[in-house]
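Below is one structure; the comments refer to it alone.
Just so you know, ligand 1 is whichever comes first in the structure, and atom 1 is the first atom listed for that ligand. None of the values given here were measured: they were computed from a predicted structure.
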Amino acid sequence: MLDLGQLQHLVVLTGAGISAESGVPTFRGHGGLWRHYRPQELATPGAFGRDPKLVWEWYDWRRGLIGECQPNPAHHTLADMEARLPGFTLITQNVDGLHHLAGNRRVLELHGNIWRMRCTREGTQQVDRTVPLPQLPPRCANCGALLRPDVVWFGETLPADVLEAALAAAAACDIMLVVGTSAVVQPAASLPLVAKQNGALLVEVNPQPTPLSDYVDLSLRQPAAQALPEWWASWQEQRDSRADRDPDG
Ligand code: BV8
């Protein structure tokens, strides 16, 4: 078990795998979303420009599926960590909004959020949880232009302020938990290496090995909904027993 005594700054980076046990299909795993579609077909500005209705049919289907999903014990563990650890930062690649639903309030959403839409003309954003959408593609009530999902597509840059905050957190953390990501999508996949270069311990939670696995200090080869609650409970026991032995801290 890692020596977590003086854990001050814990960063957690999550990917689609943390939502797998909630019923949200991953992108590259068995039955993954990308299995039936090529990313270039749907999650790119070009695809949207060519066929906005097709792209919205995919997102409308995903929104309908995700809308039925609830956070699982892994999500709830991260909400508990945020409540108990002042130096906690949650960074997610996911767009499903399940971290907010579980109670996390400070979430760095690198790739946006599937429940937000953006006017392609005015740039205004709106949260809309209607499933199914009454009209595909949806249009801006103000100017009539197409609305798009407020997510980051391949070939698009991530929101600069969010990426900057994520890089700063990665560079300053003592431990980074990397949960449920295949670690292939950039620049998110570089965050664990930034943490390691700055002296952090890396813990990977993933039933499968990934390109990151050779660089981590601990691999928990288990599903997140099992591994995270167990890891968090054992860390708190360790901390409490240390406090009993040394009440002056
Ligand atoms: C950028 C939002 C600068 C949309 C997503 C060539 C051409 C063009 C670009 C590139 C290129 N080469 C590289 C790039 C950059 C590209 C990239 O990284 N491509 C990869 C595929 C090589 N990146 C970008 O384009 C990014 N922008 O670089 O800007 C720029 C600008 C202009 C031109 C060039 C560069 C933007 C990337 C963001 C894309 N948007 N999502 C939407 O969701 O609809 S990415 C998408 O993949 C999701 O966000 C998802 O989260 C993300 C990563 O996937 P994972 O989360 O890791 O999910 P995955 O299914 O892959 O893995 C699940 C894992 O969970 C598995 O390991 C599995 O074992 C594990 N698991 C399963 N069950 C469990 C579990 N783990 C724990 N518990 C379980 N129960």
Is there any N or O on [X] that sits under 3.5 Å from an N or O of ligand 1?
{"X": "A16", "value": "yes"}
{"X": "Q222", "value": "no"}
{"X": "F154", "value": "no"}
{"X": "P207", "value": "no"}
{"X": "W58", "value": "no"}
{"X": "V95", "value": "no"}
{"X": "T210", "value": "no"}

Within the 4.0 Å heavy-atom shell around [X], which atoms of ligand 1 are there?
{"X": "Y59", "answer": "4 (C), 42 (C), 44 (O)"}
{"X": "E156", "answer": "1 (C), 26 (C), 27 (N), 29 (O), 36 (C)"}
{"X": "W153", "answer": "36 (C)"}

(message) Between K196 and D217, does any side-chain N to carboxylate O distance fall below 4.0 Å?
(response) yes
(request) Could you tell me whether E68 and R63 make a salt bridge, using a distance below 4.0 angstrom between a side-chain N and a carboxylate O? (result) no
(request) Determine whether the side chain, the backbone, both or neither of E21 has a heavy atom under 4.0 Å from any heavy atom of ligand 1. (result) side chain
(message) I need the contact type for A224 against ligand 1. Using non-hydrogen atoms and a strict under-4.0 Å cut-off, is it side chain, backbone, both or neither?
(response) both
(message) Suppose the criterion is salt bridge (Lys or Arg N to Asp or Glu O under 4.0 Å): which pairs have a residue in residues 176-195, not counting sequence neighbours?
(response) none
(request) Enter the distance from I175:CD1 to L202:CG here, rounded to the nearest 0.5 Å. (result) 10.0 Å
(request) With rounding to the nearest 0.5 Å, note down the distance linking CD in E204 to CG in L13. (result) 10.5 Å
(request) Would you mind finding which of T26, V184, N113, V205 brings a heavy atom closest to atom 22 (C) of ligand 1? (result) V184
(message) Just to be sure I'm reading this right: ignoring hydrogens, which of H111, Q226, Q208 gets closest to atom 38 (C) of ligand 1? Compare them by their nearest heavy atoms.
(response) H111
Distance-only criterion, 3.5 Å: show the donor-acceptor pairs between side-chain atoms of residues 156-164 and protein atoms not counting sequence neighbours.
from: E156; atom 1: OE1; to: R148; atom 2: NH2; distance (Å): 2.9
from: E156; atom 1: OE1; to: W153; atom 2: N; distance (Å): 2.7
from: E156; atom 1: OE2; to: R148; atom 2: NH1; distance (Å): 2.6

